[in-house]
Amino acid sequence: MTPAAPRRHRKAAAYLGALAGLSLALAACSSGGGSDPAAYPEDDIEVIVPFSAGGPTDTVTRMVAEPMAEELGVQLVVQNVDGAGGTVGAGQAATAEPDGYTVLMHHIGMSTAPALYADLAYDPVADFKPVGLVTEVPMTIIARADFEPDTFEEFVTFVQENADTVTMAHAGEGSASNLCGLLLTDALGVDLTAVPYDGTGPAMAEIVGGQVDFMCDQTTNTTGQITAGEVKAYAVTTPERIEALPDLPTTTEGGQPDIQVSVWHGLYVPAETPDEIVEKLTGALQVALADQGVVDQMADLGTAPVSADQATPEAHAALLEEQIATWGGIIADGQGG
Ligand code: MLT
């Protein structure tokens, strides 16, 4: 048994204990609503989207935010914190109060950042708790409407023959559009001038405006422009054609089976967030993904909600770890590792 501390130390200890109790109570008040898991949520919840407003990740987030807000009885307020392929927003979420009032929506970029950013400010596994997967979005290869090639096969030949002048947009290193671009340039054996943006929302405006030639982007951002004829579309990066764009061939049909990628998305909270709060967020996410309005909106944009057993912390954590290993290997190979 440890000897009893002298009396003055006991008084100081009691005083410090009370002080600690007080600061906890103060922290509870200051961090946006109480942090009593049983009473959660008592305040609006901020959802960080690490890419620009109006882009594919923003679109998916706003789709599920509404029914989740209804289920939780508070507002989900989207905050676009873009930059550096999504690592700025993820870094901000990693250091947020672990009280459930800051949630991050991120995608495949969560699994590529460790291999691409030597000085990454967070660890995607240690600094976060997965809440659940949301959707897996196919990608499309699109170009400005007056780009010369008409078919995917012509696009491949044109890019290979004009690699010194063709420009490719993407949303920063490690972003989905960057990864797809890497798969494409690797498969075609070319080096292209890449033009980075903070999201494919602003990149799309430059494609439509003709300032940049092409990009590989998610159907949640391209379907509207493709069906409106504002951009040319060459291929979709999934094994099968998609219902929303039935006439768009797959990269495999076009003789490029290595250009295969789709973009999984998931919700995260800071690692210290109580499990009881994660359960409530997971529950609200599952309700949102079963909402017919969300199902229809996603179908119109070429994607679909994941199944309920995928919208769980366990399935999300398993995929994240697998993808970190997978992309770590691909990126290392690409860097000649
Ligand atoms: C975005 O929302 O802008 C995209 O997800 C960016 C990307 O990863 O290509």
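Counting non-hydrogen atoms of other residues, nucleotides and ligands closer than 6.0 Å to CD of Glu154 gives a total above 12. Within a 6.0 Å sphere centred on CD of Glu148, other residues, nucleotides and ligands contribute 12 heavy atoms or fewer.
Rounding to the nearest 0.5 angstrom, the gap separating the CG atom in Leu182 from the OG atom in Ser177 is 10.0 Å. With rounding to the nearest 0.5 Å, the separation of OG1 in Thr135 from CD in Gln218 is 9.5 Å. Here Ile259 contributes atom CD1 and Gln256 contributes atom CD; the two are 4.5 Å apart, rounded to the nearest 0.5 Å. The structure places OG1 of Thr102 at 9.5 Å from CD1 of Ile45, a figure rounded to the nearest 0.5 Å. Between the CD atom in Glu153 and the CG atom in Asp150 there is a gap of 11.5 Å [rounded to 0.5 Å]. Rounding to the nearest 0.5 Å places CE of Met63 at 10.0 Å from CE of Met105.
Residues that satisfy the ring-ring contact (aromatic ring centres under 6.0 Å, His included) test with Phe147, not counting sequence neighbours, are Phe158. Partners of Ser262 under the side chain to side chain donor-acceptor pair (under 3.5 Å) rule, at least two apart in sequence or in another chain, are Glu136. Taking the salt bridge (charged side-chain N to carboxylate O under 4.0 Å, His left out) definition, one finds that Asp213 meets it with Arg144, sequence neighbours left out.
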Q | Residues Ile142, Phe214; criterion side-chain contact (heavy atoms from CB on, under 4.5 Å); working and verdict | A | CA-CA 6 Å; Ile142 61 148; Phe214 85 95; over 6 Å; no

Q: Report the C-alpha separation of Ser52 and Asn80 in whole Å, then their side-chain angles, then the decisive distance to 0.1 Å, and conclude whether the side-chain hydrogen bond (donor to acceptor under 3.5 Å, both in side chains) test is met.
A: CA-CA 6 Å; Ser52 315; Asn80 299 88; over 6 Å; no

Q) Which is it for Thr57 and Asn221 under the side-chain contact (heavy atoms from CB on, under 4.5 Å) test, yes or no, and what are the steps along the way? A) CA-CA 9 Å; Thr57 307; Asn221 197 39; over 6 Å; no

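Residue pairs meeting the side-chain hydrogen bond (donor to acceptor under 3.5 Å, both in side chains) criterion with at least one member in residues 277-290: none, sequence neighbours excluded. Counting only residues at least two apart or on different chains, the ring pair (Phe, Tyr, Trp, His ring centres under 6.0 Å) pairs with a member in residues 45-78 are Phe51-His106, Phe51-His107. Here side-chain hydrogen bond (donor to acceptor under 3.5 Å, both in side chains) pairs that include residues 116-128, with residues two or more places apart or in two chains, number zero. Screening residues 234-260 for salt bridge (charged side-chain N to carboxylate O under 4.0 Å, His left out) gives Arg241-Glu253 as the qualifying pairs, with residues at least two apart or on separate chains. Evaluation of the ring pair (Phe, Tyr, Trp, His ring centres under 6.0 Å) test over residues 216-263, restricted to residues two or more places apart or in two chains, returns Phe155-Tyr234. Residue pairs meeting the disulfide bond (SG atoms under 2.5 Å apart) criterion with at least one partner in residues 200-244, sequence neighbours excluded, are Cys180-Cys216.
Residue Met168 is not grouped with residue Met139 when hydrophobic side chains (ILVMFWY) are merged at heavy-atom distances under 4.5 angstrom, including chains of intermediate members. Transitive grouping of hydrophobic side chains (ILVMFWY, heavy atoms separated by less than 4.5 Å) brings Val103 and Trp264 into a common cluster. Connection of Val212 to Val208 is established within a shared hydrophobic cluster, with ILVMFWY side chains joined at heavy-atom distances below 4.5 Å, either directly or through further cluster members. Note on Leu248 and Met298: separate hydrophobic clusters, where clusters join Ile, Leu, Val, Met, Phe, Trp and Tyr whose side-chain heavy atoms are under 4.5 Å apart, directly or indirectly. There is a path of hydrophobic side-chain contacts, each under 4.5 Å, that joins Val125 to Leu133.
Shown are Thr219, Val261, Val263, Leu184; of these, the side chain to side chain contact (heavy atoms under 4.5 Å, CB included) with Thr237 is made only by Val261. Each of Thr238, Thr251, Thr222 was checked for a side chain to side chain donor-acceptor pair (under 3.5 Å) with Thr140, and the lone residue meeting it is Thr222.
A heavy-atom distance below 4.5 Å is not found between the side chains of Val47 and Gln79. Here the side chains of Leu267 and Met68 are in contact, with some heavy-atom distance below 4.5 Å. The shortest distance between side-chain heavy atoms of Val295 and Pro305 falls below 4.5 Å. Using a 4.5 Å cut-off on side-chain heavy atoms (C-beta onward), His170 and Met215 make no contact. Inter-residue side-chain proximity for Lys129 and Asp275 is flagged as met; some heavy-atom pair is nearer than 4.5 Å. Under the 4.5 Å side-chain criterion, counting only non-hydrogen atoms from C-beta, Pro313 is in contact with Val278. Side-chain contact between Val88 and Asp82: absent, with no pair of heavy atoms (C-beta onward) separated by less than 4.5 Å. Contact annotation: the side chain of Thr59 approaches that of Leu301 to within less than 4.5 Å [non-hydrogen atoms, C-beta and beyond].
In the hydrophobic clustering, Val49 connects to Val78, either directly or through intervening members, whenever side-chain heavy atoms lie under 4.5 Å apart.
When every heavy atom of Ala244 is checked against every heavy atom of Asp300, the shortest pair comes out as CB-O, 4.0 Å. Nearest heavy atom pair, residue Phe128 against residue Ala90, reads CZ-O, 3.3 Å. Between Val294 and Pro67, the shortest heavy-atom distance links the atoms CG2-CG, 3.7 Å. Leu104 and Pro50 get closest at one heavy-atom pair: CD1-CD, 4.1 Å. When all heavy atoms of Ala126 and Ala271 are compared, the closest pair comes out as O-CB, 3.2 Å. When all heavy atoms are compared, the tightest approach of Leu289 to Ala311 is CD1-CB, 3.7 Å.
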Side chains of residues 186-200: which donor-acceptor pairs under 3.5 Å do they make with residues two or more places apart or in other chains?
from: Tyr197; atom 1: OH; to: Glu206; atom 2: OE1; distance (Å): 2.8
from: Thr200; atom 1: OG1; to: Asp217; atom 2: OD1; distance (Å): 3.1
from: Thr200; atom 1: OG1; to: Asp217; atom 2: OD2; distance (Å): 3.2

Enumerate donor-acceptor pairs with a distance under 3.5 Å from any side-chain N or O in residues 315-322 to protein atoms, sequence neighbours excluded.
from: His316; atom 1: ND1; to: Gly132; atom 2: N; distance (Å): 3.2
from: His316; atom 1: ND1; to: Gly132; atom 2: O; distance (Å): 3.3
from: His316; atom 1: NE2; to: Tyr268; atom 2: OH; distance (Å): 3.0
from: Glu322; atom 1: OE2; to: Thr326; atom 2: OG1; distance (Å): 2.6

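Using a distance-only test at 3.5 Å, with no hydrogens or angles considered, no donor-acceptor pair links the side chain of Glu66 to the main chain of Val64. Counting only distance, with no hydrogens or angles, the side chain of Thr223 and the backbone of Thr220 share no donor-acceptor pair below 3.5 Å. Looking only at distances, a side-chain donor or acceptor of Tyr101 sits under 3.5 Å from a matching main-chain atom of Glu42. With hydrogens and angles disregarded, no donor-acceptor distance shorter than 3.5 Å links the side chain of Thr273 to the backbone of Val269. Of the possible donor and acceptor atoms, none in the side chain of Lys232 sits under 3.5 Å from a partner among the backbone N and O of Asp146. Checking side-chain atoms of Thr303 against main-chain N and O of Ala299 turns up no donor-acceptor pair under 3.5 Å. In terms of modelled atom types and a separation under 3.5 Å, the side chain of Thr112 and the main chain of Gly174 share a donor-acceptor contact.
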